[in-house]
Amino acid sequence: MPAPGPKPMEPARDYPLFGGAFSAALPPGALDVSDLRPVPDNQEVFCHRVTDQSLIVELLELQAHVQGEEAARYHFEDVGGVQGARSVQVDSVQPLLLENLALRSCCQEAWVLSGKQQVAKENHQVAKDVTVHQALLRLPQYQTDLLLTFNDPPLSLGPENLSLPPWSLGDFKQLVTGLTLHDPNIFGPQ
């Protein structure tokens, strides 16, 4: 009998991230990619059970040389370079109100960026325009930029043909605003 595959998560109010140092609400049908393949220690990656959508939470070194809106653009372009994007286009960058964040007590500034990156999936020649939404939460007292990414490629099937609805910007907003820090020791000695 084959081993059971990863089980999709039901909406979790307090899904543990980074060994329980953080928690967040994940949308319905999120699969933990670490159950499928290795994921770097500084990332938590989730994929949609039916679509090619993904959510990534990354703990990155604070990029103190860029401030404000430019910091959001820097990380967007950096991710595009890592993914081998053939082109990157920023559509909008907006500040996030800190009072709306569960992390407001340790977040100095927050930005949300929307744009497009033209990327080819592994082993594919054809590049697709992928809509990318990113939230950058800057935690300078921990020397950390917390980057949350929602990759939203075009659907290959109509939404009516999906057994599970695609994730929405509302799902991403809930992840960003509800992300909670439980153990600051994840950042090392301060």
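By convention here, the first residue in the shown sequence is residue 1.
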Mind checking the [atom1]-[atom2] spacing from [X] to [Y]? Nearest 0.5 Å is all I need.
X    : Y    : atom1 : atom2 : value
Q134 : I56  : CD    : CD1   : 8.5 Å
L139 : F187 : CG    : CZ    : 5.5 Å
H182 : L17  : NE2   : CG    : 8.5 Å
L179 : L137 : CG    : CG    : 7.0 Å
L60  : D145 : CG    : CG    : 6.5 Å
F46  : D35  : CZ    : CG    : 9.0 Å

Could you tell me whether a side-chain N or O of [X] sits under 3.5 Å from a main-chain N or O of [Y], the two making a donor and an acceptor?
X    : Y    : value
Q141 : C106 : yes
T180 : G178 : yes
Q63  : E61  : yes

If I compare all heavy atoms of [X] with all of [Y], which pair ends up nearest, and what's the gap?
X    : Y    : result
L98  : C107 : CD1-O, 3.4 Å
D14  : S23  : OD1-OG, 3.8 Å
V176 : A135 : CG2-CB, 3.6 Å
W167 : A30  : CZ2-CA, 3.7 Å
P165 : H48  : O-NE2, 2.9 Å
L101 : A110 : CD1-CB, 3.8 Å

message = D171: which residues meet the salt bridge (charged side-chain N to carboxylate O under 4.0 Å, His left out) condition with it, sequence neighbours left out?
response = none

inquiry  = According to salt bridge (charged side-chain N to carboxylate O under 4.0 Å, His left out), who are the partners of E109, at least two apart in sequence or on a separate chain?
reply    = R138

query = Is there any side chain to side chain donor-acceptor pair (under 3.5 Å) pair reaching into residues 38-47, and which pairs are they, with sequence neighbours excluded?
reply = Q43-E58

ask   = With distance as the sole criterion, is a donor-acceptor pair present between the side chains of T149 and H133 under 3.5 Å?
value = no

ask   = Quick one: do the S114 and D91 side chains pair a donor with an acceptor below 3.5 Å?
value = no

query = Can you list the other members of the hydrophobic cluster that holds L97, where links are side-chain heavy atoms under 4.5 angstrom apart?
reply = none

task = Each residue besides L62 in its hydrophobic cluster should be listed here, by chain and number; the cluster joins Ile, Leu, Val, Met, Phe, Trp and Tyr at side-chain heavy-atom distances under 4.5 Å.
result = none

message = Is there a continuous path of hydrophobic side-chain contacts, each under 4.5 Å between heavy atoms, that joins F76 to V66?
response = no

query = Who passes side chain to side chain contact (heavy atoms under 4.5 Å, CB included) against V93, sequence neighbours left out?
reply = E69, A72, R73, V90, W111, L113

key: Residues which pass side chain to side chain contact (heavy atoms under 4.5 Å, CB included) with C47, listed by chain and number, not counting sequence neighbours   = L31, V33, L36

request  = Only pairs at least two apart or in different chains count here, so list each ring-ring contact (aromatic ring centres under 6.0 Å, His included) that has a residue in residues 55-74.
outcome  = H65-Y74

Results of side-chain hydrogen bond (donor to acceptor under 3.5 Å, both in side chains) for [X] - residues two or more places apart only:
X    : answer
S34  : D32
Q53  : T51, D152
D183 : N185
T177 : none

ask   = Given side chains that start at C-beta, do those of F150 and V132 come closer than 4.5 Å, heavy atoms only?
value = no

ask   = Can you check whether L59 reaches L146 side chain to side chain, under 4.5 Å on heavy atoms?
value = yes

inquiry  = Between L148 and L175, is the side-chain contact (heavy atoms from CB on, under 4.5 Å) condition met? List the steps.
reply    = CA-CA 9 Å; L148 298 96; L175 171 68; 3.9 Å; yes

